[in-house]
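Note that these values count all heavy atoms, side chains included, but never hydrogens, waters or copies made by symmetry.
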Amino acid sequence: MGLTTSIGTFLSANKKKRMQIFAELYEFNEQLILNLKFSRASIEKIASPFKFVPDILKGEILLAGNDGDVLRDYTENLGMTDALSQVDYLSERKSLLKKYKEESFADYKKYSALYVKIFFLIGVMVAVLLA
């Protein structure tokens with residue numbers, strides 16, 4: 001019973017991690033836009049309060065597939081142009097990040113409890129069959 005519940009928890013944790021990453025990246029994008037307009041602090045300083053953003057900026061692969069491509073594409077052009085161009089780039093990315101943030105939250109909300117319940121029931125069935 002423990003193994004199937006663990007699998008459900010693992011699948012749920014992946015949805016939660018995806019949700020957290022896109023929520024953080026959206027907030028980081030907002031702060032970066034404000035920073036470029038008003039204060040000009042370093043990207044590392046802005047990223048430091050976040051859990052996942054510093055790793056994303058280092059190029060670490062935190063998500064697979066299309067999500068990983070979105071993260072890579074986002075960081076690819078950071079700091080490559082002047083402040084005005086960066087504000088335009090970040091403002092353009094804002095809608096994409098918002099879409100991923102909302103989608104990942106909906107997926108987490110929809111599937112996280114479902115995975116845990118399904119694998120808990122499978123675990124109970126296995127325990128009953130073994131008894």
Keeping Glu24 on the side-chain end and Phe52 on the backbone end, is there a donor-acceptor pair under 3.5 Å? yes

Applying a strict under-4.5 Å side-chain criterion to I, L, V, M, F, W and Y, I'd like to know whether Phe22 and Ile56 cluster together. yes

Nearest heavy atoms of Gln86 and Asn77, plus distance in Å: NE2-O, 3.0 Å

Between the side chain of Asn35 and the main-chain N/O of Ala41, is any donor-acceptor distance below 3.5 Å? yes

Reported CG-to-OH distance for the pair Leu32 and Tyr89, which is rounded to 0.5 angstrom: 10.5 Å

Answer yes if Val87 and Leu34 sit in the same cluster of Ile, Leu, Val, Met, Phe, Trp and Tyr residues linked by side chain heavy atoms under 4.5 Å apart, and no otherwise. no

Roughly how far apart are Glu30 CD and Leu25 CG, rounded to 0.5 Å? 11.0 Å

Please name the pair of heavy atoms, one in Arg40 and one in Ala83, separated by the smallest distance, quoted to 0.1 Å. NH1-CB, 3.3 Å

Answer whether the closest heavy-atom distance between the side chains of Tyr74 and Leu90 falls below 4.5 Å. yes

Tell me, with the steps shown, if Leu57 and Phe50 meet side chain to side chain contact (heavy atoms under 4.5 Å, CB included). CA-CA 11 Å; Leu57 294 176; Phe50 296 101; over 6 Å; no

Could you check if a side-chain atom of Lys17 sits within less than 4.5 angstrom of a side-chain atom of Ile21, using non-hydrogen atoms only? yes

For Ile46 and Pro49, the nearest pair of non-hydrogen atoms, with its separation, is O-CD, 3.2 Å

After noting the C-alpha distance and the side-chain angles of Asn66 and Tyr100, does the key distance pass the side chain to side chain contact (heavy atoms under 4.5 Å, CB included) rule? CA-CA 11 Å; Asn66 189 40; Tyr100 273 87; 2.7 Å; yes

Separation between CG (Asp55) and CD1 (Ile61), nearest 0.5 Å, reads 12.0 Å

Spell out, yes or no, whether Ile33 and Ile43 are grouped together once hydrophobic residues are joined by side-chain heavy atoms under 4.5 Å, including indirect joins. yes

Can you tell me how far apart CD (Glu27) and CG (Asn29) are? Round to the nearest 0.5 Å. 9.5 Å

Any salt bridge between Glu44 and Lys58, counting N to O under 4.0 Å? no

Which distance, rounded to the nearest 0.5 Å, do you find between the CZ of Arg72 and the CG of Asp67? 10.5 Å

Correct closest heavy-atom pair for Val53 and Ala47 would be CG1-CB, 3.6 Å

With rounding to the nearest 0.5 angstrom, report the NZ to CG distance, Lys37 to Leu84. 10.0 Å

List the steps and the verdict of side chain to side chain contact (heavy atoms under 4.5 Å, CB included) for Lys15 and Arg18. CA-CA 5 Å; Lys15 297 287 184 189; Arg18 180 176 183 257; 5.7 Å; no

Treat each ILVMFWY residue as a node, draw an edge where side-chain heavy atoms are under 4.5 Å apart, and state whether Val70 and Phe105 are in one component. no

Assigning hydrophobic clusters by single linkage (Ile, Leu, Val, Met, Phe, Trp, Tyr; side-chain heavy-atom cutoff under 4.5 Å), is Met19 placed with Phe28? no

